[in-house]
Amino acid sequence: IALVFPADSFIGTVFISEKDYENAIRYYTEALELNPSNAIYFSNRSLAYLRTECYGYALADATHALEIDKNYIKGYYRRATSNMALGKFKAALKDYETVVRVRPNDKDAKMKYQECNKIVKQKAFERAIASDELKRSVVDSLDIENMTIEDEYTGPKLEEGKVTLKFMKELMDWFKDEKKLHRKCAYQVNKITICGDTHGQYYDLLNIFELNGLPSLTNPYLFNGDFVDRGSFSVEVILTLFGFKLLYPDHFHLLRGNHETDNMNQMYGFEGEVKAKYTAQMFQLFSEVFQWLPLTLCINSKVLVMHGGLFSEDGVTLDDLKKIDRNRQPPDSGPMCDLLWSDPQPQNGRSISKRGVSCQFGPDVTQRFLEQNKLQYIIRSHEVKAEGYEITHSGKCITVFSAPNYCDQMGNKAAYIHLRGSDLKPEFHQFTAVPHPNVKPMVYANSLLQLGMM
């Protein structure tokens, strides 16, 4: 028997306070079935969706709250935060303007309005100065050879400009002690096409190597996107992955995720972290490199790996994927967008994405794609899973997530997969979070995003 209306909403609030957002969503959904005209319930469920990164659903709930009560100020906050998370800064600014107009003495609202307005103006300026001419690479403006390594620097150094295993071991210990690699070495490591999958949780990355061994010719790795943002050690993660890619170019494979993009980096911390630890020029170079990252990898013509998932339309082939112009920021729709953003769903067919970008695809969509392309199954990431992995679509769609206790608050396990033998049967290995220095996640993220989720 369902709990009566007041209890559902109260329990939902308790679950939010305990950071159990999935159950909060469930109970607020039950409460809304009994009272679908309560703006507060929509707003609170919107908050739970924000915390689970279902930004599309969060936006819809905030909008419903305002349709019920256009004077409900918290609804404008929630909708603005949802739009910020989706990179829709003008829409967010409009809601912040409403809040400031209603509450002219609200210092917090005024600060958020000013910060959002600054971003909108910055984006407009960038568009205004953009040229149709071929953009000059940041690399062309670097004079790495004449950069001087100061005598007082005692950290890792490249040997004749090359990455060695000795250098990589020294680098990981150096980062572990929260020290910074010299910028000359950092620029030299940056010259490779890379990606990763740890969301800036450097000490958990080290734990993977501790549990599973360092990369080598006999111990190859693939990291499946989203190695930066949120976690506050994204620079250390990416430079370590760069180094191993240089050391073992044919045995260390990296794919692009939806967080290897300018909009995500601006909001979720990587841009701010790079600028704090190095320079704005360094971030521009990262941005250039991200645009060259591969989007998919096909293993033995049997398993296709991508960060997000499958496509908004049927008929996409492996040859179509090879033809994608990936050297750009991803578009809002189409195969490139889907590879970075889509998610599986249990029911057949397709539906609107909970994230507000791309789509959700069912088991029938997966089956048709695999049959058309003569594949066995897909591996993707992109979603937090309580056990670190999830097998869906009758074993044809596998999700793996390798950032334990995501953002220091989700309490999830993490996992990695071994593929062995000619049948490529997956073997799952779980692990839990390890301690890290007292630097909280999202320290470098846009302050509007952090405050908006409060």
Side-chain angles (χ1 to χ4, degrees), residues 87 126 130-142 144 161-163 183 185-200 215 220-229 234-266 268 270-271 273-274 278-299 304-308 316 318-332 334-341 358 380-382:
E126 290 171 355
S131 172
D132 290 334
E133 297 178 7
L134 184 63
K135 185 179 178 182
R136 184 168 180 252
S137 172
V138 175
V139 176
D140 296 333
S141 66
L142 297 175
I144 297 173
K162 295 182 179 179
V163 174
R183 70 188 184 101
C185 299
Y187 274 122
Q188 286 176 289
V189 173
N190 259 336
K191 291 185 179 178
I192 191 68
T193 304
I194 59 92
C195 193
D197 184 14
T198 52
H199 269 302
Y221 276 84
L222 162 65
F223 282 82
N224 192 24
D226 280 17
F227 44 85
V228 300
D229 282 340
S234 292
V235 167
E236 291 77 8
V237 167
I238 191 173
L239 290 179
T240 299
L241 296 175
F242 276 0
F244 278 120
K245 182 62 181 175
L246 281 170
L247 184 59
Y248 302 116
D250 297 324
H251 297 80
F252 195 80
H253 306 287
L254 305 159
L255 299 181
R256 188 179 189 179
N258 65 299
H259 276 267
E260 280 71 65
T261 58
D262 287 353
N263 274 350
M264 294 292 104
N265 294 161
Q266 182 181 43
Y268 293 97
F270 183 59
E271 180 179 347
E273 182 181 344
V274 175
Y278 289 101
T279 63
Q281 184 187 51
M282 177 73 89
F283 174 74
Q284 291 170 4
L285 184 56
F286 278 123
S287 177
E288 281 189 31
V289 174
F290 287 169
Q291 293 188 162
W292 283 110
L293 296 174
L295 300 172
T296 65
L297 186 145
C298 190
I299 302 173
L304 189 68
V305 185
M306 76 289 288
H307 179 74
V316 177
L318 297 184
D319 284 339
D320 292 330
L321 303 185
K322 294 175 184 177
K323 296 174 184 176
I324 293 176
D325 175 17
R326 69 177 188 267
N327 181 24
R328 55 176 171 159
Q329 295 302 309
D332 294 332
M336 182 176 178
C337 174
D338 296 331
L339 286 168
L340 298 174
W341 279 99
S358 185
R380 41 91 63 184
S381 300
H382 197 39

With sequence neighbours left out, write down each residue that passes side chain to side chain contact (heavy atoms under 4.5 Å, CB included) with [X], or none if nothing qualifies.
X	value
N327	Q291, W292, D325
P215	F209, Y221, F244, Y248, F252
Q284	V138

State, to 0.1 Å, how close [X] and [Y] come at their nearest heavy-atom pair, and which atoms those are.
X	Y	answer
H307	N224	ND1-O, 2.8 Å
C337	P331	CB-O, 3.4 Å
L321	L339	CD2-CD1, 4.1 Å
V163	L246	CG2-CD1, 3.7 Å
I324	R328	CG2-NH2, 4.4 Å
H259	H199	CD2-CE1, 3.6 Å

For this session: Would you please test L318 and T296 for side-chain contact (heavy atoms from CB on, under 4.5 Å) and show each step?
Result: CA-CA 10 Å; L318 297 184; T296 65; over 6 Å; no
Seminar exercise, completed: Across all chains, not counting sequence neighbours, the salt bridge (charged side-chain N to carboxylate O under 4.0 Å, His left out) partners of K323 are none
For this session: Apply salt bridge (charged side-chain N to carboxylate O under 4.0 Å, His left out) to D250 and list each qualifying residue two or more places apart in sequence or on a separate chain.
Result: none
What's the spacing between [X] [atom1] and [Y] [atom2] if we round to 0.5 Å?
X	Y	atom1	atom2	value
N258	H382	CG	NE2	4.5 Å
T261	R256	OG1	CZ	6.5 Å
F286	S234	CZ	OG	9.5 Å
M264	F290	CE	CZ	13.0 Å

Exercise. Quick one: side chain to side chain donor-acceptor pair (under 3.5 Å) partners of N265, sequence neighbours excluded?
Worked result: D229
Seminar exercise, completed: For S287, the side chain to side chain donor-acceptor pair (under 3.5 Å) test, sequence neighbours excluded, returns D262
Exercise. Is there a donor-acceptor pair closer than 3.5 Å between any side-chain N or O of E271 and the backbone N or O of F283?
Worked result: no
Exercise. For G308, does its backbone N or O pair with a side-chain atom of R380 as donor and acceptor, under 3.5 Å?
Worked result: yes
Exercise. Is there side-chain contact between V228 and V274, with at least one heavy-atom pair below 4.5 Å?
Worked result: no
Exercise. Under the ring-ring contact (aromatic ring centres under 6.0 Å, His included) test, which residues partner Y278, sequence neighbours left out?
Worked result: none
For this session: Report the C-alpha distance between D226 and E260 in whole Å, list the side-chain angles of each, state the deciding distance to 0.1 Å, and finish with yes or no for side-chain contact (heavy atoms from CB on, under 4.5 Å).
Result: CA-CA 6 Å; D226 280 17; E260 280 71 65; 3.9 Å; yes
Exercise. Can you check whether F270 and F227 have ring centres sitting under 6.0 Å from each other?
Worked result: no
